[in-house]
Novice: 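My questions will all concern the structure given below.
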Amino acid sequence: MRFLGFIIVCLTGALLLYGTGEFPDWGDPNSPASIHLSDHYIEKAVEETQVPNLVTAVLADYRGFDTMFETAVVFCAGLACFLLLRDFSQKKERFYRHTPTGVILHVKDSKKILKVGKEFEHMDKDWVPSDLIIKTVCRILIPFIQIYAMYVVAHGDFSPGGGFQGGVIFGSSLILLAISYDLKTLVRRVKEKVFGIFAALGVLIYVGIGVICMFMGGNFLDYSRLAPLVPGDPHHIRALGMLGVEIGVGIAVTAAMAIIYINIVSEGRHDEGL
Amino acid sequence: MDILVILFLVTGLFFFLGGAVGIIRMPDFYSRLHPAGKLDTLGIFAMVTGLAIYNLHHFSFDALLLSAKMFLIVFFVFLSSPTATHSIVDAGMRAGLRHWTKKKRKG
């Protein structure tokens with residue numbers, strides 16, 4: 001099985017390398033990108049899409065397909081981390097802490113299970129007491145980071161930013177919570193299932209907006225067709241469509257970041273990281 | 001007004017320079033973190049104060065808002081930089097790194 005996987009990886013790699021040979025040379029003045037594509041974007045993008053930010057217009061409108069599959073790749077990365085690393089097996093050795101006294105119990109018999117509640121709490125071998133200063137400061141900072149992340153997502157079609165960046169910032173705020181408290185706090189606050197659903201939901205929002213455009217009689221991801229559905233100035237409909245798409249990207253990236261971090265850091269056991 | 005701006009900027013640069021020299025010259029992990037933390041807080045405070053005053057040259061509500069936003073940067077750096085230094089030192093202590101001492105004379 002492993003050998004088969006190796007062969008598949010080698011074949012895919014060879015195929016990709018073979019494909020690279022057909023690319024135009026770096027900075028080739030006769031390549032299609034230099035002849036008409038870039039000029040068209042620079043001259044016509046603002047006029048055609050009514051989006052104030054040229055970069056977003058190219059990324060989310062002209063190349064909406066590309067960005068959609070990028071989101072799918074991020075989703076797949078989270079999924080792969082989950083499938084490869086998640087470990088549901090019970091641990092043989094358990095550690096408990098008696099909360100009032102702070103005494104730590106090491107249970108080697110896998111059948112003996114102590115009731116976790118007010119008296120005892122779960123512990124792990126590499127448990128480190130979390131620091132009060134760090135906890136407090138992170139508690140103050142995390143909401144600001146999250147607001148900033150939403151600002152980056154929402155402002156994506158007017159200024160530098162967008163779904164990927166905003167999603168990464170939002171995800172990093174969740175990771176900060178896991179680092180400053182412990183991983184269990186994060187997993188308790190936001191269930192694993194929720195992360196999974198949100199990762200899929202993000203991709204669904206993106207694709208869903210494209211499909212709605214098709215239902216309205218346009219091409220896939222042709223945002224201008226959304227105009228009857230949204231009240232307001234129809235000139236800005238493409239910017240609004242992009243905003244919806246960016247929100248989807250942001251949700252997917254946030255959830256994928258959290259899934260990847262949680263699974264890698266605790267080797268799939270979701271008990272204690274770092 | 002300009003003199004004040006220059007004074008603040010030079011103070012900030014002085015602290016940044018001192019901090020940068022300190023990071024290179026200090027003998028071990030813990031003492032290197034000391035200038036790193038100082039540089040971030042006081043250096044940035046002086047620099048941003050200078051820039052905020054410069055920004056208020058043509059006084060208007062927008063300029064005032066921008067200056068206030070600049071001080072938000074200082075606020076967040078003041079919160080996060082010492083905490084980061086603290087946690088790095090904490091990690092060093094937990095990992096069992098000994099602090100530097102002057103070598104004792106033999107005998």
Side-chain angles (χ1 to χ4, degrees), chain A residues 52 95 97 102 104 123-152 154-155 158-161 165-166 168-186 261 264-266 271-274, chain B residues 15 19 22-23 26 28-49 51-52 55 60-99:
Chain A
F95 292 85
R97 185 175 48 237
I104 290 163
M123 273 265 300
D124 301 291
K125 230 184 335 196
D126 35 7
W127 183 81
V128 176
S130 41
D131 197 286
L132 181 67
I133 297 173
I134 298 169
K135 272 205 271 194
T136 315
V137 170
C138 289
R139 207 164 55 205
I140 297 168
L141 281 183
I142 284 170
F144 287 108
I145 297 174
Q146 290 178 343
I147 288 173
Y148 178 64
M150 287 180 203
Y151 167 80
V152 170
H155 230 246
F158 290 104
S159 62
Q165 294 87 335
V168 166
I169 296 171
F170 204 101
S172 69
S173 78
L174 297 177
I175 292 174
L176 185 65
L177 178 72
I179 291 176
S180 61
Y181 283 68
D182 49 13
L183 196 63
K184 267 184 197 146
T185 316
L186 175 64
Y261 174 81
I264 285 182
V265 98
S266 66
D271 50 1
E272 192 69 50
L274 282 183
Chain B
F15 275 104
I23 291 172
M26 285 287 188
D28 81 330
F29 178 72
Y30 298 119
S31 47
R32 275 179 190 185
L33 279 171
H34 174 73
K38 290 284 170 296
L39 172 159
D40 261 5
T41 45
L42 196 55
I44 280 192
F45 178 66
M47 294 284 270
V48 170
T49 311
L51 291 174
N55 185 48
S60 69
F61 183 70
D62 283 350
L64 196 69
L65 195 64
L66 193 60
S67 295
K69 280 179 189 167
M70 283 179 177
F71 275 101
L72 273 183
I73 299 176
V74 179
F75 172 70
F76 286 121
V77 169
F78 259 63
L79 267 183
S80 59
S81 165
T83 316
T85 317
H86 170 81
S87 68
I88 294 170
V89 171
D90 221 36
M93 295 295 276
R94 271 187 220 296
L97 186 68
R98 290 270 188 86
H99 61 81

Novice: Look up atom CD1 in A:Ile133 and atom CG in B:Asp90, then write down how far apart they are to the nearest 0.5 Å.
Specialist: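 The CG atom of B:Asp90 is 8.5 Å from CD1 of A:Ile133, to the nearest 0.5 Å.
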Novice: I need the A:Ile145 CD1 to B:Ser80 OG distance, nearest 0.5 Å.
Specialist: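 Rounded to the nearest 0.5 Å, the CD1-OG separation comes out at 8.5 Å.
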Novice: Taking ring pair (Phe, Tyr, Trp, His ring centres under 6.0 Å) as the test, write out the residues that go with A:Tyr151, two or more places apart.
Specialist: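 Listed in chain order: A:His155.
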Novice: Give a yes or no on whether B:Tyr30 atom OH has more than 12 heavy-atom contacts from other residues, nucleotides or ligands under 6.0 Å away.
Specialist: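 Yes, because the 6.0 Å sphere around OH of B:Tyr30 holds more than 12 heavy atoms from other groups.
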Novice: Is A:Leu141 in contact with chain B via its backbone, its side chain, both, or neither, using a 4.5 Å heavy-atom distance?
Specialist: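 For A:Leu141, the contact with chain B is made by the side chain alone.
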Novice: Under 4.5 Å, counting heavy-atom pairs only, tell me which of A:Val137, A:Ile140, A:Thr136 racks up the most with chain B.
Specialist: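 With the most close heavy-atom pairs to chain B, the winner is A:Val137.
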Novice: Return the set of residues passing ring pair (Phe, Tyr, Trp, His ring centres under 6.0 Å) with A:Phe144 (not counting sequence neighbours), or none when no residue passes.
Specialist: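 Listed in chain order: B:Phe76.
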